[in-house]
Amino acid sequence: MTPLFSRSCTGRKGLVTLICGALAAGGLAAAGAATLEPGAASASSHREAPLISGTPQYDNTDLYAFVSPDKPDTTTIVADWIPFEDPAGGPNFYTFADDAQYDIHIDSNGDARDDLLFRYTFRTHTKNGNTFLYNTGPVTSLDDPDLNVTQTYDIDLVRLRNQRVVSRTKLADDVPVAPSNVGRASMPDYGKLRSQAVYKAAGGAATFAGQADDPFFLDLRVFDLLYGGNLTEVGRDTLKGYNVNTIALQVPNDLIRESGRQPVVGIWSTTQRRNAQGYYAQVSRLGNPLVNEVVNPQRDKDRFNASQPSYDAQFLKNVTGPELPKLVEGIYKIKAPAEPRDDLVDVFLKGVKGLNQPPNVKPSEQLRLNTSIKPAMHPKRLGVLDGDNAGFPNGRRLTDDVVDEALQVMEGELVGAKNDLGDAVDENDKKFEKYFPYVAQPTAGSRGALAKGTAEGADVRSQLGDALRPAGAGSAGSGNTVLIAASAASGAAGVLLIGTALARWRRRMRRPY
């Protein structure tokens with residue numbers, strides 16, 4: 001297919017309810033430079049609305065959909081939750097919610113209603129409730145008895161017609177979740193745990209759920225009044241080092257598209273939370289990136305998160321008259337394109353004609369993907385804007401620089417206002433993997449300097465004494481060293497041994513406790 005915009009530039013049984021309409025995530029038009037800092041506002045649905053920002057377990061952060069580069073007869077969907085996971089955020093590490101339904105919706109014919117729904121539901125298991133530890137020793141497999149807190153999940157495939165359930169099929173049952181990456185002492189080979197969490201389902205499908213590096217890359221300081229009116233500080237990936245909880249699903253193209261002649265699908269993800277009465281209510285939705293946080297004003301954000309694509313006409317004015325270009329004009333004196341912005345409606349509510357717009361499309365906010373377009377051998381970060389039709393806004397790959405793309409489109413790239421706007425963050429800090437689930441492994445909780453006397457790959461359990469004295473610290477007392485015989489100790493037993501050894505040493509040194 002000829003590039004459209006060629007340019008060069010540097011479920012389970014017992015479910016109480018099924019909300020069939022499910023919502024398109026992310027917001028209406030391709031919003032511009034949405035971003036966010038640790039503990040601050042929002043970015044690509046990282047804390048994008050007032051209500052959901054207080055409940056991160058239910059908060060969609062990003063949605064990706066692309067034809068699988070190594071298996072082009074399949075589509076891979078990656079949906080993320082729980083923004084800004086600090087890798088060392090123990091002892092209660094990051095789990096999916098047991099009282100939620102994590103849904104991926106597929107619109108196969110462009111009518112703004114889902115035809116397929118993949119529903120993930122999770123259960124948490126604790127082996128030993130008498131310890132505060134997430135793991136009580138080194139974890140070498142997902143069924144290791146030392147992994148104290150575990151999760152499993154089911155997947156239900158729900159088929160719908162006119163928002164009514166036609167059938168429900170169990171695709172997977174009791175699949176293990178990859179745990180949070182506590183650190184090298186707790187999980188000496190995290191890659192092995194990741195691989196064990198990849199589950200191959202019948203019919204060529206695959207699934208993964210667990211922690212991963214946050215694949216979104218951008219400079220989140222945009223909320224300081226568009227970088228404080230000074231672009232010289234732009235270029236720091238403020239999501240570097242943070243993790244998310246990821247659901248990845250790989251399915252045959254023929255399962256999700258209407259036909260080979262109509263290969264365009266619309267995709268969005270939602271979260272539904274069970275209330276005290278046992279009913280589920282939708283609390284979050286995501287489709288295109290950078291939308292609800294910067295296209296929708298404060299009055300609409302929570303309503304959008306609880307709405308369905310078929311009712312997106314109520315948000316149309318937010319797309320045709322977006323606020324962001326006016327802010328850019330006021331701060332940087334770059335003239336805002338003339339309104340109404342029909343170019344944004346065509347690209348982000350319908351899909352691009354001739355690329356990813358289904359026939360007889362009903363405008364609604366969805367991430368639209370043409371499953372017949374083969375993956376690019378050399379993907380370009382600006383996707384369709386740079387002649388690579390396998391990238392955003394035709395779906396979204398992990399490597400797509402959606403912040404730069406969205407900024408340029410919002411500032412009129414498609415209506416003759418050529419520009420090279422961006423945030424100077426062009427790629428993720430970690431390389432993505434070549435095979436499913438493609439996302440990078442999560443940053444480990446133990447990422448600081450090694451303890452004195454330890455070496456990379458050493459068995460930390462045999463060096464608890466050294467661990468009490470970080471690298472660079474002076475020795476205790478008059479050159480005396482704390483000696484602790486606790487090589488096999490872990491968990492509460494290790495704490496007791498450490499305490500006993502310290503008490504003996506203090507008595508020997510005749511110092512008060």
Distance, nearest 0.5 Å, that separates [atom1] of [X] from [atom2] of [Y]:
| X | Y | atom1 | atom2 | answer |
| --- | --- | --- | --- | --- |
| Asn428 | Asp237 | CG | CG | 6.5 Å |
| Lys200 | Thr207 | NZ | OG1 | 11.5 Å |
| Ser284 | Tyr58 | OG | OH | 12.0 Å |

Residues which pass side chain to side chain contact (heavy atoms under 4.5 Å, CB included) with Tyr435, listed by chain and number, not counting sequence neighbours: Asp70
Counterpart residues, side chain to side chain contact (heavy atoms under 4.5 Å, CB included), relative to Lys326 (two or more places apart): Glu339
Carboxylate-amine/guanidinium proximity below 4.0 Å for [X] and [Y]:
| X | Y | result |
| --- | --- | --- |
| Arg381 | Glu427 | no |
| Asp388 | Arg397 | yes |
| Arg273 | Asp99 | yes |
| Arg113 | Asp111 | no |
| Arg236 | Asp219 | no |

Ring-plane angle category for Tyr438 and Phe436, please: parallel below 30°, perpendicular beyond 60°, tilted otherwise. perpendicular
Could you tell me how the ring of Phe96 sits relative to the ring of Trp81: parallel (under 30°), tilted (30 to 60°) or perpendicular (over 60°)? perpendicular
Measure from NZ or CZ of Arg396 to the centre of the six-membered ring of Tyr64 and say whether it is under 6.0 Å with the direction within 45° of the ring axis. yes
